[in-house]
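One structure is given here, and the rest of the page talks about it.
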Amino acid sequence: MTGLVVAIVGFFSSFPIVLQGLKGVGASPVQAASGLMMAAIAMGVAGIALSLWNRQPISVAWSTPGAALLAVTGTIADGFEGAVAGFLIAGVLTVVTGAWRPVGRLAAAIPAPLAQAMLAGVLVALCIVPFRAMAEVPWDAVPVVATWFVVGRVSKLAAVPAAVIAAALVTAIDAEFRFDLAVPVISAPEVIVPILSLEAILSIALPLWIVTMATQNIPGVAIIGSYGYAPPAGPLFTSVGGASVVTAPFGAPATCLAAITAAMCANEDSHPDPARRYWSAVFAGVFYCVFGLLAGVIAALAALAPDMVLGTLAGVALIGVFSGSVFAALQDPEYREAAAITFLVTASGITVIGLGAAVWGLALGGLVQALKAWRSG
C-alpha cells in the first residue's frame, strides 16, 4: 500500500510539470507522451533494481525541478532534438559524477544557497500562473486552486492529486463529457535522434545536471541515510544517470533519486522492520511502470484541458518547492546577497550569447560571492 501511495503522489503530483517542461523545449504532443512514458518507466525500473540490489528503500523519480527548468528555458535552435542531446549529456554528467570523485566534489562544491536561489528563480514564473489564471479564466482555474488549498489543509501529500482530479473534472465539463481520443491505451515510444550543439550543452545539459544534483540526487542520499541506511552515493548516481542516458533518446528528461517519496518509503509507516521497507520502493517502481505504460492516454487527456489549466496544476504543485527554495536560498546571511542576485537574474528569463538565465544567474551569483570572500579574506 505504501508503494501505491508513493507512486500516486510521485506521478500525479508532477506529471503536469513534466509535460510543461517537454512542451517548453519544443516537444510535439507525441514526443511529450513518449518522454512522459519513458521517464515513468525509467524511474520504475531503476527503483526496483536499486532497491532489490541494495536491500534499501531507494526511491527514484524524474527530476521535477529539472522539468520546471525546461518549462521556462524555451526552444533552442535545434528544437526538441537539441534538447534531447542536452538530456543525454546531463545523464552522462551524472554518471561521471558518481564514477569520478573530482566531478562529484565539484557538484557538491556548488553553494547550496545559490543552487536553491537558481531553482527559486526558475520556479517563480511557473508559480504565478495559477493566480494569473484565476483572473483570466476563473471558471477553469478557481476550482483547481481551491481544491488544492482545501485538501492541503488536511493532507499536503493529497493536495496535488486532488487538484489533478479537479482539473480532470473541469476538462470533462468543458468537453461536455465527450472524449474522442484517437490514441491506443498503450502507445509506442517515439525515438528522437539527438542533435548535439554547444547551446544544448550550455542551455540544457549543464543547468539540468546542476539543478538535479543539487535538489534531488544529493538530498535524496541524505534523506535515505537519515533513516539509518547506508546508501552508496556513487553507484546510485551512476545508476540513475545511466537510466537517463538510456531513455533520453525517447524524450525523457533526467532520472534521479527521490527525496520526498524516499522518506515515505523509509519511515516506520512503510513497515515496522527497517530491513523490509525496501519492498515499498520496489512496489512503487512497479506502479510507476504501469502509469508509464498509460502515459499516452494521460498526455492526450491533458492536451484536452482548457487554456492555463495544465499550467495552473503545475504551478500549485510547485508552490511548496518554491517556498522551500526561497527559504534555503536566503536564510544564511553570508550568502544572502549572492543568492538574491542569482534569484533575480534567473527569474529575469534573459538569454545572452545563447546562454539561458539559469546559467547567468548561477555565474553572477557565484562571482559576487567569490568577490565577497576575496575582500573579506
Side-chain angles (χ1 to χ4, degrees), residues 10-44 61-91 119 122-123 125-126 129 164 167 183 187-195 197 199-200 203-205 207-209 211-212 216 243-256 288 291-305 307-315 317-318 321 356 358:
F11 186 93
F12 289 99
S13 293
S14 54
F15 85 86
I17 304 164
V18 175
L19 289 177
Q20 289 283 92
L22 294 173
K23 180 182 177 182
V25 289
S28 69
V30 172
Q31 290 169 335
S34 174
L36 182 68
M37 169 189 285
M38 295 308 294
I41 291 175
M43 63 187 188
W62 48 42
S63 177
T64 301
L69 171 71
L70 298 176
V72 299
T73 297
T75 305
I76 63 175
D78 291 315
F80 190 57
E81 290 78 7
V84 167
F87 302 167
L88 191 62
I89 297 301
L119 177 59
V122 166
L123 296 179
L126 301 173
V129 171
V164 171
V183 294
S187 304
E190 180 94 355
V191 177
I192 299 101
V193 179
I195 299 177
S197 67
E199 186 183 12
S203 295
I204 302 288
L208 183 59
W209 172 66
V211 78
T212 301
Q216 292 277 171
S244 299
V245 170
V246 170
T247 56
F250 300 98
T255 303
C256 57
Y288 278 138
F291 294 153
L293 293 174
L294 301 175
V297 173
I298 294 170
L301 287 171
L304 296 176
D307 288 345
M308 302 187 79
V309 166
L310 201 62
T312 299
L313 264 181
L318 289 168
V321 181

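This is a predicted model, so every value here is computed, not measured.
- Rounding to the nearest 0.5 angstrom, the gap separating the OG1 atom in Thr312 from the CG atom in Leu126 is 11.5 Å.
- Interatomic distance, CD1 of Ile204 versus CD of Glu199, reported as 8.0 Å (0.5 Å rounding).
- Distance CD1/Ile41 to OG1/Thr255: 11.0 Å, rounded to 0.5 Å.
- Rounding to the nearest 0.5 Å places OG1 of Thr247 at 11.0 Å from CE of Met43.
- Residues satisfying the ring pair (Phe, Tyr, Trp, His ring centres under 6.0 Å) test with Phe87, not counting sequence neighbours, are none.
- Between Thr212 and Ser63 the shortest heavy-atom distance is OG1-OG, 2.9 Å.
- To the nearest 0.5 Å, atoms CE (Met308) and CG (Leu313) are separated by 12.5 Å.
- Formation of a donor-acceptor pair under 3.5 Å by the Ser34 side chain with backbone atoms of Glu190 is found in this model.
- Annotation for Pro207 and Ser203: closest pair CG-O, 3.6 Å, computed over non-hydrogen atoms.
- For the atom pair CE of Met38 and CD1 of Ile192, the computed distance is 10.0 Å after rounding to the nearest 0.5 Å.
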| said: Does Val164 form a side chain to side chain contact (heavy atoms under 4.5 Å, CB included) with Phe15? I'd like the steps, not just the answer. | reply: CA-CA 10 Å; Val164 171; Phe15 85 86; 4.1 Å; yes

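- Applying the side-chain contact (heavy atoms from CB on, under 4.5 Å) test between Pro65 and each of Leu123, Leu119, Val122, Leu208 identifies Leu119 as the sole match.
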Pairs under 3.5 angstrom only: tabulate donor-acceptor contacts from the side chains of residues 74-81 to other protein residues two or more places apart or in another chain.
none

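- Ring centroids of Phe12 and Phe291 are separated by less than 6.0 Å, placing the two rings close together.
- A side-chain donor-acceptor contact under 3.5 Å links Ser28 to the backbone of Gln31.
- Heavy-atom minimum distance, Ala33 versus Ala295: O-CB, 4.0 Å.
- For the pair Leu310 and Ala302, the tightest heavy-atom approach, listed with the atom from each and the gap, is CD1-CB, 4.1 Å.
- A heavy-atom distance below 4.5 Å is found between the side chains of Leu22 and Pro253.
- Listed here is the closest heavy atom pair of Ser14 and Thr64: CB-OG1, 3.6 Å.
- Shown here for Pro194 and Val84, the closest heavy-atom pair between the two residues is CB-CG1, 3.9 Å.
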| task | Report the C-alpha distance between Tyr288 and Trp62 in whole Å, list the side-chain angles of each, state the deciding distance to 0.1 Å, and finish with yes or no for ring-ring contact (aromatic ring centres under 6.0 Å, His included). | result | CA-CA 11 Å; Tyr288 278 138; Trp62 48 42; 7.2 Å; no

